[in-house]
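Notes to accompany the following structure.
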Amino acid sequence: MEHSISGKISVKSMVMVGMFAAFLAVMSQISLPMPTGVPITIQVFAVALVGVVLGWKLGLAAVVVYILIGAVGAPVFANFQGGIQIIAGTAGGYILSWPVMTALCGIRPRLDNSRMNLAVNIVFALIGLVICEGVGALQWALLTEGDLRAIMIYSLTAFIPKDIVLTVLAVVIGRQVRRLVERAGGM
């Protein structure tokens, strides 16, 4: 991450944060609405990819910018929705946990073995996914006065298997994208 002489974030870093917040907004529109109010999306892929490519600090910034843009009403959340009511609704726990997932995905292990670096990256990403799924299910259950166990069982069939695959893919692809961006002088 580049900083200016005064210690502030560089214009290049700000542009990367904005571009990846926009990337999240675009990826969020690939979704399948569900009668439960929580759509099936590939947002987890985008959230993980942002962290892996940008690292934990800039990735965290990009996700927070995305959430704030959505919170003020811009239609950046799934199915072109926006507003604080989405964050306060049944899908809100998932959205609110994305900064944690992104930060965990953005941790860059610096081991001597590249396979171990990949394995550690995947483990941190999957821990982030567990946190995301847990917080999301908890808020969903609290708001609907639903059975947390039933929601977790539903999540295990509708979300979690797909999200595990998407998270691992995001780590593998994100590491390659990060190398390309670094070679091009992007970060």
Side-chain angles (χ1 to χ4, degrees), residues 1-4 7-31 39-71 74-78 87 91 94-133 135-136 159-187:
M1 175 170 63
E2 278 188 26
H3 293 282
S4 68
K8 295 180 182 175
I9 194 166
S10 71
V11 171
K12 189 187 304 184
S13 293
M14 286 189 287
V15 168
M16 294 298 282
V17 166
M19 284 175 34
F20 277 86
F23 170 74
L24 285 166
V26 170
M27 294 298 285
S28 295
Q29 303 320 313
I30 302 170
S31 72
I40 294 177
T41 71
I42 61 169
Q43 290 170 306
V44 163
F45 173 82
V47 167
L49 189 80
V50 167
V52 174
V53 173
L54 294 182
W56 78 269
K57 290 178 185 176
L58 291 180
L60 179 65
V63 172
V64 168
V65 165
Y66 164 78
I67 292 170
L68 291 173
I69 289 169
V76 296
F77 298 140
I87 294 172
Y94 298 98
I95 295 168
L96 291 172
S97 64
W98 288 342
V100 174
M101 183 174 179
T102 301
L104 286 168
C105 290
I107 294 172
R108 295 181 178 165
R110 306 238 188 264
L111 305 172
D112 291 333
N113 183 315
S114 64
R115 285 189 178 154
M116 283 300 293
N117 282 334
L118 175 62
V120 170
N121 243 160
I122 290 171
V123 167
F124 278 131
L126 292 175
I127 290 169
L129 178 62
V130 167
I131 292 168
C132 182
E133 297 291 351
V135 171
F159 303 125
I160 295 173
K162 163 198 66 80
D163 288 346
I164 290 170
V165 171
L166 290 174
T167 300
V168 171
L169 278 173
V171 170
V172 171
I173 293 168
R175 290 167 57 93
Q176 296 303 315
V177 171
R178 182 179 70 227
R179 286 186 193 110
L180 291 171
V181 170
E182 286 171 350
R183 280 189 208 133
M187 293 193 302

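Atoms considered below: every heavy atom in the structure, side chains included; atoms not considered: hydrogens, waters and symmetry mates.
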Per-pair distances, 0.1 Å, donor-acceptor, side chain in residues 119-127, under 3.5 Å, sequence neighbours excluded:
{"residue": "Asn121", "atom": "OD1", "partner": "Arg175", "partner atom": "NH1", "Å": "2.8"}
{"residue": "Asn121", "atom": "ND2", "partner": "Ile107", "partner atom": "O", "Å": "3.0"}

Checklist outcome for this item: All heavy atoms of Leu54 vs all of Gly59, minimum pair found to be CB-N, 3.6 Å
Item to check | Heavy-atom side-chain proximity of Ile131 to Leu104 below 4.5 angstrom | outcome: yes
Item to check | Closest non-hydrogen atom pair, Gly174 against Val53 | outcome: O-CG2, 3.6 Å
Checklist entry - Can you check whether Leu24 reaches Trp98 side chain to side chain, under 4.5 Å on heavy atoms? => result no
Checklist entry - Is there side-chain contact between Leu180 and Gln176, with at least one heavy-atom pair below 4.5 Å? => result no
Checklist entry - Taking C-beta and beyond as the side chain, do Met101 and Leu129 meet within less than 4.5 Å on heavy atoms? => result yes
Checklist entry - Does Val76 offer a backbone N or O that forms a donor-acceptor pair with the side chain of Gln29 under 3.5 Å? => result yes
Next on the checklist: More than 12 heavy atoms of other residues, nucleotides or ligands under 6.0 Å from CE of Met116: yes or no?
Outcome noted: no
Checklist entry - Mind checking whether Tyr94 and Gln43 have side chains closer than 4.5 Å, heavy atoms only? => result no
Checklist entry - Does some side-chain heavy atom of Met27 sit less than 4.5 Å from a side-chain heavy atom of Leu49? => result no
Checklist entry - Just wondering, do Arg178 and Val52 contact through their side chains at under 4.5 Å, heavy atoms? => result yes
Next on the checklist: Once ring-ring contact (aromatic ring centres under 6.0 Å, His included) is applied, do any residues pair with Phe45, and if so which ones, sequence neighbours excluded?
Outcome noted: none
Checklist entry - To the nearest 0.5 Å, what is the distance between CD1 (Ile30) and CD1 (Ile42)? => result 3.5 Å
Next on the checklist: Using the ring-ring contact (aromatic ring centres under 6.0 Å, His included) criterion, which residues pair with Phe77? Sequence neighbours excluded.
Outcome noted: Tyr66
Item to check | Heavy-atom closest pair, residues Ala62 and Val50 | outcome: CB-CG1, 3.9 Å
Next on the checklist: Applying side chain to side chain contact (heavy atoms under 4.5 Å, CB included) to Leu58 and Ile9, what does each step give before you reach the verdict?
Outcome noted: CA-CA 10 Å; Leu58 291 180; Ile9 194 166; 3.5 Å; yes
Checklist outcome for this item: Smallest heavy-atom separation, Pro99 atom then Val63 atom, equals N-CG1, 3.8 Å
